[in-house]
Amino acid sequence: MTPGAGSSALDSNLEQPARTAGRNEFRRIWSFLRPHQRFLWIGLAVLLLGTGARLLQPWLIRSAIDEHLLPGTLVGFWPLCIGVAAAALGEWLCRHVQLRAIERAGQDALLDLRATIFGHLQSLPMRFYDRTPTGRLVGRATTDVEALQELFSSGVVTILGDLVFLVAAVSIMLSLSVPLTLASLCVVPVFVLVTVFVRKRARRAYSEMRSRLSQMNSDLHEQVSGMSIVQLFAQEHRSAERFAQSNRGVRDAQLLTVRWESVLSAATEMLGSFTTALILYVGGQYALEAIGVATDSAATSALTLGTLYAFVDYMQRMFVPLNDLSMKYTVLQNALVS
């Protein structure tokens with residue numbers, strides 16, 4: 001690569017606006033992950049094992065309630081208790097190994113990325129540095145690279161695990177009771193709409209915060225490197241005001257992202273509680289019918305108490321990957337911008 005070509009390429013990267021994820025961006029990201037993909041495959045395999053252990057726990061508790069606690073027999077009860085504990089321990093161990101493996105791949109990729117950026121900066125001509133603020137380059141090599149860390153550490157790879165869990169959980173719930181599953185899932189479209197509404201605004205807020213942070217880093221570097229000039233002309237007050245303005249901009253942008261994240265968190269909690277209440281109301285009619293208690297509802301299919309518990313547990317667990325998927329989309333967009 002000639003110096004002129006390198007300068008033009010980096011100029012376009014520095015100034016280009018945020019773009020939608022495309023093949024070129026994914027290909028560039030994958031080029032740094034490919035040498036370390038063995039850790040990604042290990043993390044993915046362990047992630048699927050942990051998903052299976054997570055799905056198994058409500059099923060085992062359902063069996064313990066219906067087959068042992070309600071009938072009042074402890075024959076075979078303790079193995080189920082041990083199974084629940086083993087599944088919980090297995091889920092924890094799998095999550096531990098998965099996070100370490102994916103984090104290793106991400107950190108190794110970032111190591112290569114920083115080395116590539118530094119090597120590219122060394123190849124650029126002096127005229128490029130004459131017209132480009134040093135603080136901006138430092139921000140690109142530090143702040144923007146850090147934005148990729150979350151993507152490499154927890155982002156794209158775990159999406160598959162979330163999707164597998166959602167599909168498997170819904171399949172299990174359908175096998176237990178189709179009417180109650182349909183009633184439980186009626187809140188999901190509302191959750192998706194709320195998430196899309198909030199995430200669009202949160203994504204813009206993150207982009208604004210990233211821009212303001214980069215500007216503050218650039219201003220800070222220029223002020224520190226030129227401190228002798230500032231002091232020579234007694235411009236300390238003006239310099240402090242300029243930095244204070246950039247500093248307040250970063251704070252305001254950060255608070256805006258927190259506001260949208262808190263809105264989504266509160267909405268998720270509210271919809272989760274509403275779904276639990278809906279399951280207890282509809283499923284409670286079926287459960288009472290199963291134990292011979294007359295109700296005023298039009299319930300036509302009996303439901304055991306253990307199955308009712310499993311529905312509540314599965315539905316509460318489903319909100320975690322649903323929320324994670326929306327967050328990973330924002331992480332992906334921020335990483336591609338960086």
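No experiment lies behind these values; they were computed from the predicted model shown.
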Thr181: what forms a side-chain contact (heavy atoms from CB on, under 4.5 Å) with it, not counting sequence neighbours?
Met173, Leu174, Leu185, Phe311
Below 3.5 Å, can you tabulate the donor-acceptor pairs from side chains in residues 269-276 to any protein atom, sequence neighbours excluded?
residue: Ser273; atom: OG; partner: Glu269; partner atom: O; Å: 3.0
residue: Thr275; atom: OG1; partner: Leu271; partner atom: O; Å: 2.8
residue: Thr276; atom: OG1; partner: Gly272; partner atom: O; Å: 3.0
residue: Thr276; atom: OG1; partner: Gln316; partner atom: NE2; Å: 3.4

With no hydrogens and no angle check, just 3.5 Å: does a side-chain donor-acceptor pair link Gln245 and Glu241?
no
Between Leu182 and Cys186, is any pair of side-chain heavy atoms under 4.5 Å apart?
no
Are Leu280 and Met318 connected in a single hydrophobic cluster, I mean Ile/Leu/Val/Met/Phe/Trp/Tyr linked by side-chain heavy atoms less than 4.5 Å apart?
yes
If you measure from the Lys or Arg side-chain nitrogens to the Asp or Glu carboxylate oxygens, is any gap between Arg317 and Asp313 under 4.0 Å?
yes
Audit row: Leu110, Arg114, side chain to side chain contact (heavy atoms under 4.5 Å, CB included) steps and yes/no:
CA-CA 6 Å; Leu110 291 177; Arg114 293 190 189 98; 3.9 Å; yes
Could you give the distance from OG (Ser123) to CZ (Phe118), rounded to the nearest 0.5 Å?
11.0 Å
Scanning both residues in full, the closest heavy-atom pair of Gln98 with Gly43 reads CG-O, 3.7 Å
Not counting sequence neighbours, which residues clear side-chain hydrogen bond (donor to acceptor under 3.5 Å, both in side chains) with His68? List them please.
none
Closest contact, heavy atoms only, Ile42 versus Ala101:
CG2-CB, 4.2 Å
List the atom of Ser184, the atom of Ile279, and the distance in Å for their closest heavy-atom pair.
OG-CG1, 3.3 Å
Thr307: partners by side-chain hydrogen bond (donor to acceptor under 3.5 Å, both in side chains), with sequence neighbours left out
Arg62, Thr304
Do Leu305 and Leu60 share a hydrophobic cluster, counting only Ile, Leu, Val, Met, Phe, Trp and Tyr and linking them when any side-chain heavy atoms are less than 4.5 Å apart?
yes
Is any side-chain heavy atom of Arg54 closer than 4.5 Å to one of Pro321?
yes
Can you find a pair of side-chain heavy atoms, one from Arg251 and one from Asn247, that are under 4.5 Å apart?
no
Do Tyr314 and Tyr309 come within less than 4.5 Å of each other through their side chains, counting heavy atoms only?
no
Within-4.5 Å side-chain heavy-atom neighbours: Leu121 and Tyr129:
yes
Working note: Val188 + Met315, criterion side chain to side chain contact (heavy atoms under 4.5 Å, CB included); need CA distance, chi angles, decisive distance, verdict.
CA-CA 10 Å; Val188 172; Met315 201 63 204; 4.0 Å; yes
Spacing of CE belonging to Met209 relative to CG belonging to Leu255, to within rounding of 0.5 Å:
11.0 Å
Residues Ala109 and His36: closest non-hydrogen pair is N-CD2, 3.8 Å
Side chains of Leu40 and Leu44: does their closest heavy-atom pair fall under 4.5 Å?
no
Starting from Leu70, can I reach Ile61 by hopping between I/L/V/M/F/W/Y residues whose side chains sit under 4.5 Å apart?
yes
Do Ile117 and Leu124 sit in the same hydrophobic cluster, where Ile, Leu, Val, Met, Phe, Trp and Tyr count as joined when their side-chain heavy atoms come under 4.5 Å apart?
yes
Atom CD of Glu208 and atom CD of Gln254: how far apart are they, to the nearest 0.5 Å?
12.5 Å
By the definition side-chain contact (heavy atoms from CB on, under 4.5 Å), identify the one residue from Arg104, Glu103, Arg100, Gln107 that meets it with Phe39.
Arg104
Closest approach of Thr51 to Gly161 (non-hydrogen atoms, all atoms of both residues)
OG1-O, 4.0 Å
Distance (rounded to the nearest 0.5 Å) between Asp108 CG and Leu33 CG
10.0 Å
Please tabulate, for the side chains in residues 71-96, all donor-acceptor contacts under 3.5 angstrom to protein atoms that are two or more places apart in sequence or on a different chain.
residue: Thr73; atom: OG1; partner: Val75; partner atom: N; Å: 3.3
residue: Glu91; atom: OE1; partner: Gln57; partner atom: NE2; Å: 2.7

Does atom CH2 of Trp30 have more than 12 heavy-atom neighbours, drawn from other residues, nucleotides or ligands, at distances under 6.0 Å?
yes
For residues 162-172, which side-chain N or O atoms pair as donor and acceptor with protein atoms under 3.5 Å away, sequence neighbours left out?
residue: Asp162; atom: OD2; partner: Lys328; partner atom: NZ; Å: 3.4
residue: Ser171; atom: OG; partner: Val167; partner atom: O; Å: 2.8

Verify the cluster assignment for Val258 and Val263: are they in a single hydrophobic cluster under the rule of side-chain heavy atoms below 4.5 Å apart?
no
Please name the pair of heavy atoms, one in Gly306 and one in Asp66, separated by the smallest distance, quoted to 0.1 Å.
N-OD1, 2.7 Å
Taking the side chain as everything from C-beta on, heavy atoms only, tell me whether Arg201 gets closer than 4.5 Å to Phe197.
yes
